[in-house]
Each structure stands twice: as C-alpha cells, then as structure tokens.
Student: 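Have a look at this one.
As the structure is a computational prediction, the values presented were derived from the model and not from experiment.
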Amino acid sequence: MNTEQWLEKILSSKEELYHWLQRQYVGEVNAARKIHELSEREGLTDGERRVLRSIASDESTHANWVFALLQTRGIPLPDLNTGEERYWKPILAEAKTFAEIAAAGHHAEGMRLVRIRALSECEKIDEDIRNVFKKILPDEIFHEKAFGILSSPEAREKMRGKHDEGLALLGLEI
C-alpha cells in the first residue's frame, strides 16, 4: 500500500486511523528504547552518544504526544511488544557494525518520515493530529540525516536491501 492509499484509508475509517495511531505510539516508544540502548554500546564516541541520546529523547517526546492523542480519543493503549519485530528482527540480524545499525535507522526514519509528512500536510485530518505531526516532522528530518551521517554509503547500500525486505513484510510501499 503506497502513502496515498494509506492516507485515504485512515481518512475514511476512524478505526484505521486509531489503529495507525496505536502503531505509531508503539513505534515511538520502541524507537526511544532501542536508540537509548544503542547509545550505551561500547566503542562509540562521546559525540555519537550525544546524538543518539538526543534522538532517543525526541522519540520519547513523540511517544508522549501520540499518547495524549490516544487518551483524548479514548483509544486503548496497545501492547508495546507487538508488530515491531516483523520489520526489525531480519534487519538487525544483518547489521553487524554500528555503521550498519545506523544505516538501518536512516532507512527506517526515512520510511516513517513519508507518512509523518503526509499527515502534517493533510488538511482533511483532525487539526490536533496534524499539529502533533507538524511538531514531530522536523525532529524526524533531523533523525534521518543524523543516522545517515553516523553510517556510511556502503552501510546504507547494504542495509537498503534488508530495509526493502522489511517494507515487503509490512506490506508497505513508500
């Protein structure tokens, strides 16, 4: 499903929108945790740790913003241990170096950025949702760029194939 089809789907069904917001919450919470854990990895420079901790903090803030959207609408909180491994397990099994893990992060942030941008620009979505994603958008642009800098062209190329496999597992077309 491409982004245009996805947007039409969540605009035409509150259940689909709510489900996507739940999945976004799970993604933000798990991203904050995984990136913080990555920042604790041996062999990183102080600068790499600072960047990763900043990204993890942003992801935690995003989770709080999406959590507020869920609460406002009375949407039940999702199980935080569902769905994420479909994408990440096969990708991280191939990522052997820090540069490859950062490259995977670069591709994942780019994937999320497409839909976040679409929501932040969509005049048909509820204003509070659009405003949350407008706040998230600049952070995600920074995250994609930062992970790109932390990786290497070779690592990004290697992980591109795994990222594409992950997209297929999720049924996404970006």
Side-chain angles (χ1 to χ4, degrees), residues 2-3 6-7 20-69 80 83-122 129-170 172-174:
N2 67 31
T3 301
W6 165 80
L7 192 54
W20 186 82
L21 287 171
Q22 288 173 318
R23 302 304 341 129
Q24 185 67 22
Y25 174 71
V26 169
E28 299 288 1
V29 168
N30 286 328
R33 179 184 50 79
K34 286 178 182 175
I35 296 166
H36 180 75
E37 289 170 1
L38 181 60
S39 78
E40 300 296 317
R41 188 179 172 129
E42 293 289 320
L44 299 181
T45 68
D46 288 342
E48 290 166 335
R49 284 186 206 293
R50 273 193 303 277
V51 168
L52 291 171
R53 288 178 180 153
S54 174
I55 293 171
S57 176
D58 289 346
E59 300 291 8
S60 183
T61 298
H62 302 166
N64 289 334
W65 291 338
V66 176
F67 175 82
L69 290 173
L80 293 175
E84 290 296 298
E85 293 308 311
R86 258 188 324 163
Y87 176 82
W88 282 108
K89 189 174 182 178
I91 289 175
L92 293 179
E94 288 294 316
K96 304 300 182 204
T97 67
F98 174 69
E100 291 169 355
I101 294 168
H106 170 76
H107 292 306
E109 293 289 355
M111 168 183 68
R112 294 174 63 219
L113 191 52
V114 171
R115 292 195 171 171
I116 289 168
R117 182 174 279 121
L119 274 182
S120 70
E121 295 172 353
C122 180
I129 294 173
R130 184 174 57 251
N131 288 339
V132 163
F133 288 96
K134 280 183 179 181
K135 292 191 309 186
I136 291 173
L137 183 62
D139 292 341
E140 296 297 340
I141 291 169
F142 166 72
H143 300 170
E144 180 188 37
K145 183 177 181 177
F147 277 122
I149 291 168
L150 292 171
S151 67
S152 68
E154 299 80 17
R156 287 190 302 278
E157 183 59 33
K158 175 183 176 184
M159 298 312 294
R160 160 65 61 201
K162 289 316 240 178
H163 170 69
D164 290 344
E165 289 175 26
L167 288 176
L169 285 171
L170 296 175
L172 298 178
E173 180 183 321
I174 300 296

Student: What pair of heavy atoms forms the shortest contact from L150 to V51, and how long is it?
Tutor: CD1-CG1, 4.1 Å
Student: List for me each residue that meets salt bridge (charged side-chain N to carboxylate O under 4.0 Å, His left out) alongside E42, sequence neighbours excluded, and say none if there are none.
Tutor: none
Student: Is E157 atom CD crowded by more than 12 heavy atoms from other residues, nucleotides or ligands, each under 6.0 Å away?
Tutor: no
Student: Donor-acceptor pairs are to be reported for all side-chain atoms of residues 135-142 against protein atoms at under 3.5 Å, with residues two or more places apart or in another chain.
Tutor:
unit_1: D139; atom_1: OD2; unit_2: H62; atom_2: NE2; d: 2.8
unit_1: E140; atom_1: OE1; unit_2: H143; atom_2: ND1; d: 3.4
unit_1: E140; atom_1: OE2; unit_2: H62; atom_2: ND1; d: 3.1

Student: How close do T3 and A118 get, counting heavy atoms only, and between which atoms?
Tutor: CG2-CB, 3.9 Å
Student: Does R23 reach the side chain of V26, with side-chain heavy atoms less than 4.5 Å apart?
Tutor: yes
Student: CD1/I149 to CZ/F147 distance, rounded to the nearest 0.5 angstrom?
Tutor: 11.5 Å
Student: Quick one: pull up CD in E48 and CZ in R41 and give me the separation to the nearest 0.5 Å.
Tutor: 10.0 Å
Student: Quick check: does any side chain N or O of R156 sit under 3.5 Å from a backbone N or O of A103, one acting as donor and the other as acceptor?
Tutor: no
Student: Just jot down the side-chain hydrogen bond (donor to acceptor under 3.5 Å, both in side chains) partners of Q22, sequence neighbours excluded, or say none.
Tutor: none
Student: May I ask you to decide if S54's main-chain N or O and S57's side chain share a donor-acceptor pair within less than 3.5 Å?
Tutor: no
Student: Any salt bridge linking R112 with E109? Criterion: basic side-chain nitrogen under 4.0 Å from a carboxylate oxygen.
Tutor: yes
Student: To the nearest 0.5 Å, what is the distance between CH2 on W20 and CG on L7?
Tutor: 10.0 Å
Student: How close do A95 and M159 get, heavy atom to heavy atom, and via which atoms?
Tutor: CB-CE, 3.9 Å
Student: Considering all heavy atoms of both residues, which atom of A32 and which atom of S60 are nearest to each other, and what is their separation?
Tutor: CB-N, 3.7 Å
Student: Please report the interatomic distance OG1(T45) to CZ(F98), rounded to the nearest 0.5 Å.
Tutor: 7.5 Å
Student: Give a yes or no on whether a salt bridge exists between R33 and E37, defined as a side-chain N under 4.0 angstrom from a carboxylate O.
Tutor: yes
Student: Give the minimum heavy-atom separation between R115 and N2, together with the two atoms involved.
Tutor: NH2-O, 4.1 Å
Student: State the CZ-CG distance between R53 and L38, to the nearest 0.5 angstrom.
Tutor: 10.5 Å
Student: Within this structure, what is the NZ-OG1 distance for the pair K158 and T97, rounded to the nearest 0.5 Å?
Tutor: 6.5 Å
Student: Considering all heavy atoms of both residues, which atom of E100 and which atom of K96 are nearest to each other, and what is their separation?
Tutor: OE1-N, 2.7 Å
Student: Check the pair N131 / W65 against side-chain contact (heavy atoms from CB on, under 4.5 Å), numbers first and verdict last.
Tutor: CA-CA 10 Å; N131 288 339; W65 291 338; over 6 Å; no
